[in-house]
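A short worksheet on the structure shown next.
Side chains are part of it too, since the values below use all heavy atoms of this structure and drop only hydrogens, waters and symmetry mates. Order of the sequence lines fixes the chain letters, A, B, ..., with proteins taken first and strands second; residue numbering starts at 1 for each chain.
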There are 2 protein chains.
Amino acid sequence: MRISQLAAATGVPVATIKYYLREKLLHDGELTSATQARYDDSHVRRLKLIRALVGTAGLSVAATRELLQGLANPPESGHDLLGVAHRAVTRPAGDDVDVAPAQDLLRRWGWDDQACDRDSQAALAEALDGLSSAGLELPPALLDRYAEAMRAVAEADIGSVPTDSAEAAMRFVVLGTVLVEPVLLAMRRLAQQNVSFERFGGAAITAAARPATAHTPTAPTATAPTATAPTATAPTATAPDRTAETG
Amino acid sequence: MRISQLAAATGVPVATIKYYLREKLLHDGELTSATQARYDDSHVRRLKLIRALVGTAGLSVAATRELLQGLANPPESGHDLLGVAHRAVTRPAGDDVDVAPAQDLLRRWGWDDQACDRDSQAALAEALDGLSSAGLELPPALLDRYAEAMRAVAEADIGSVPTDSAEAAMRFVVLGTVLVEPVLLAMRRLAQQNVSFERFGGAAITAAARPATAHTPTAPTATAPTATAPTATAPTATAPDRTAETG
DNA sequence: TTGACTTGGATAGTGCTACTCGCCATTATT
DNA sequence: AATAATGGCGAGTAGCACTATCCAAGTCAA
């Protein structure tokens with residue numbers, strides 16, 4: 001399989017494949033001559049995986065590379081597997097972050113903070129800090145219910161790890177952790193709409209007045225370079241020409 | 001209060017405040033002369049809110065602007081309130097997204113898809129698609145448990161909306177929806193670490209071998225350039241870079 | 001009053017990321 | 001032989017969130 005066929009098979013432009021090769025996200029093909037290399041099914045699968053991580057999960061190329069390297073060099077401990085995944089989605093915290101509020105909560109929920117790495121605790125602390133600096137104080141009971149729900153999610157996560165193959169387990173843990181995040185967030189929004197609909201009635205959520213740029217700017221999934229009609233929901237005439245955002 | 005004092009009060013550089021003013025995230029101060037304006041407490045609060053949305057929640061400036069505008073011009077229907085928040089965190093889906101898989105799931109869970117906007121359905125569909133294109137098929141039972149948990153989250157969300165003031169309700173819904181997302185994700189990771197720790201034992205998650213760049217690239221607070229010992233979990237020395245095509 | 005300092009407003013530049021383009025000698029294909 | 005494609009590489013681009021600089025007009029302390 002040549003690079004153009006690889007591109008056709010995955011919908012990823014040739015230039016982008018070359019970029020991933022350069023960035024060591026994708027392993028080299030088998031060189032058959034100075035200007036020819038052969039790619040195979042493993043490249044197709046890897047490329048799809050990369051697009052899922054970069055697109056759907058919103059990982060940076062650097063984080064994707066590290067995660068893939070972690071997948072290739074599995075740590076011995078099953079527990080450290082989580083580290084590979086979590087490092088990809090948790091930004092390292094500076095020394096100045098005060099994790100005490102997070103640790104208070106962990107204790108409150110009976111979660112052993114020894115099991116938790118500092119970056120994740122800092123992520124919780126920072127998220128809570130953002131909430132309160134926005135002037136929004138959540139009732140403790142609400143936080144408890146969040147914790148309860150996420151604990152249930154985590155138990156389902158860990159309980160679903162396949163036990164037959166170590167490699168399958170690894171894939172499940174690492175990819176599942178990262179790629180499920182957008183699933184959960186989408187589910188929450190849908191559930192909110194449902195609960196709100198049941199409780200308050202009213203019409204369905206109306207379409208966006210303008211296509212708001214979401215927090216993950218890059219393209220969603222393997223989108224062929226089909227720069228189709230700019231948009232369907234864009235109302236105003238001053239729409240920029242070269243939208244091509246495809247969502 | 002002058003702009004430099006506003007900067008001092010919030011920790012946001014003057015140049016950045018000017019930028020937010022230009023971008024209409026922050027309302028203008030009261031002009032007292034051609035080169036002087038007075039800012040007040042509302043600017044301090046707004047600025048903190050902006051930083052929480054842009055920093056903690058990871059919204060783009062454009063999404064933040066729309067969300068703030070939505071907060072300022074509340075829709076009549078309580079249900080449409082959710083739309084304001086959800087549009088800020090949901091990227092608009094192209095026409096080419098197939099939402100059928102998501103709708104199947106909604107039906108399976110007894111969620112009324114009439115209550116759900118298309119973009120959110122598409123977000124779920126795309127997230128699931130990313131999962132499967134990464135070669136990871138989740139057991140349906142696992143998805144069900146996710147749905148159950150997120151339903152519980154949503155019920156807690158909606159049930160906690162303050163009823164005394166319409167404005168408080170609006171703030172709660174819009175900001176809570178957006179700013180709680182990182183809280184939930186952090187909680188899931190911490191819970192996973194806990195469950196994994198209990199189940200598999202082993203040491204706590206070790207610090208990152210390298211400071212992996214997270215998916216939200218902007219540094220929260222400068223990380224000291226502490227390039228410490230190479231690794232704690234990396235197994236082999238001659239780590240084969242691209243084995244295990246993981247695809 | 002004077003002179004250093006600050007401000008609003010505007011334009012331009014920066015650093016970063018994820019691509020995207022163009023070139024070229026070298027094959028492969030026809 | 002003629003045409004097209006490829007690997008490899010350097011450079012260019014677009015978008016984003018700032019950041020820096022400039023300037024005329026104003027403020028404030030002495």
* Could you check how far CD1 of A:I17 sits from P of D:dG7, rounded to whole Å? => 9 Å
* To do: Quickly work out the A:K24 NZ to C:dC19 C1' distance and round it to whole Å.
  => 18 Å
* Asked: Given C:dC19, D:dG26, D:dC18, which nucleotide is nearest the side-chain atoms of A:Y20?
  -> C:dC19
* Asked: Can you find a side chain N or O atom of A:T16 that sits less than 4.0 Å from OP1 or OP2 on C:dT20?
  -> yes
* What do the steps show when you test A:L47 against A:L25 for side-chain contact (heavy atoms from CB on, under 4.5 Å), and what is the final call? -> CA-CA 9 Å; A:L47 214 33; A:L25 296 192; over 6 Å; no
* Return the value, rounded to whole Å, for the distance between atom CD1 of A:I50 and atom C1' of C:dT17. => 16 Å
* Structure fact -> Of the listed D:dT6, D:dA20, C:dT7, the closest approach to the B:A15 side chain comes from D:dA20
* Would you confirm whether A:S133, through its side chain, and A:G130, through its main-chain N or O, come within 3.5 Å as a donor-acceptor pair? => yes
* Asked: In whole Å, what is the span from the CE atom of B:M1 to the P atom of C:dT7?
  -> 12 Å
* Asked: Can a donor-acceptor pair be found between the side chains of A:R51 and A:T10 at a distance below 3.5 Å?
  -> no
* From the list C:dT27, C:dT20, D:dT27, which nucleotide is the closest neighbour of the side chain of B:R2? -> D:dT27
* Heavy atoms under 4.0 Å, any strand shown: does A:S4 hit a base, just sugar-phosphate, or nothing? -> sugar-phosphate
* So A:F172 and B:L138, side-chain contact (heavy atoms from CB on, under 4.5 Å) or not? Walk me through it. -> CA-CA 9 Å; A:F172 185 90; B:L138 299 187; 4.1 Å; yes
* To do: Test for a donor-acceptor pair under 3.5 Å between the base of C:dT20 and the side chain of A:R22, counting only N and O atoms.
  => yes
* Nearest-Å distance, CG (B:L21) to C1' (C:dG9)? -> 10 Å
* Considering heavy-atom distances to DNA chain D, does A:S33 or B:Y19 have its closest nucleotide positioned more toward the 5' end? -> A:S33
* **Between P of C:dT20 and CD of A:E23, the distance in whole Å** => 14 Å
* **Quiz item: A:R65 side-chain donor-acceptor pair to C:dT17 base, under 3.5 Å** => no
* For A:T56 and B:E126, test the side chains for any donor-to-acceptor distance below 3.5 angstrom and give the result as yes or no. => no
* To do: Indicate, with a heavy-atom threshold strictly under 4.0 Å, whether A:A34 touches base, sugar-phosphate, or nothing.
  => sugar-phosphate
* Asked: Separation of B:Q5 atom CD from D:dT27 atom C1', in whole Å?
  -> 13 Å
* Asked: What is the nucleic acid contact for B:L31, judged by heavy atoms within less than 4.0 Å: base, sugar-phosphate only, or nothing?
  -> sugar-phosphate
* Using a heavy-atom cut-off of under 4.0 Å over every strand shown, decide if B:A37 touches base, sugar-phosphate, or nothing. => sugar-phosphate
* Asked: Less than 4.0 Å between a side-chain N and a carboxylate O, is that true for B:K18 and B:E23?
  -> no
* State which of C:dT7, C:dG22, C:dG8 makes the closest approach to the side chain of A:K18. => C:dG22
* Nearest-nucleotide pick for B:V54, side chain only, options being D:dC18, C:dA18, C:dC21 -> D:dC18
* To do: Check the distance between C:dA25's C1' and A:Q36's CD and give it to me in whole angstrom.
  => 13 Å
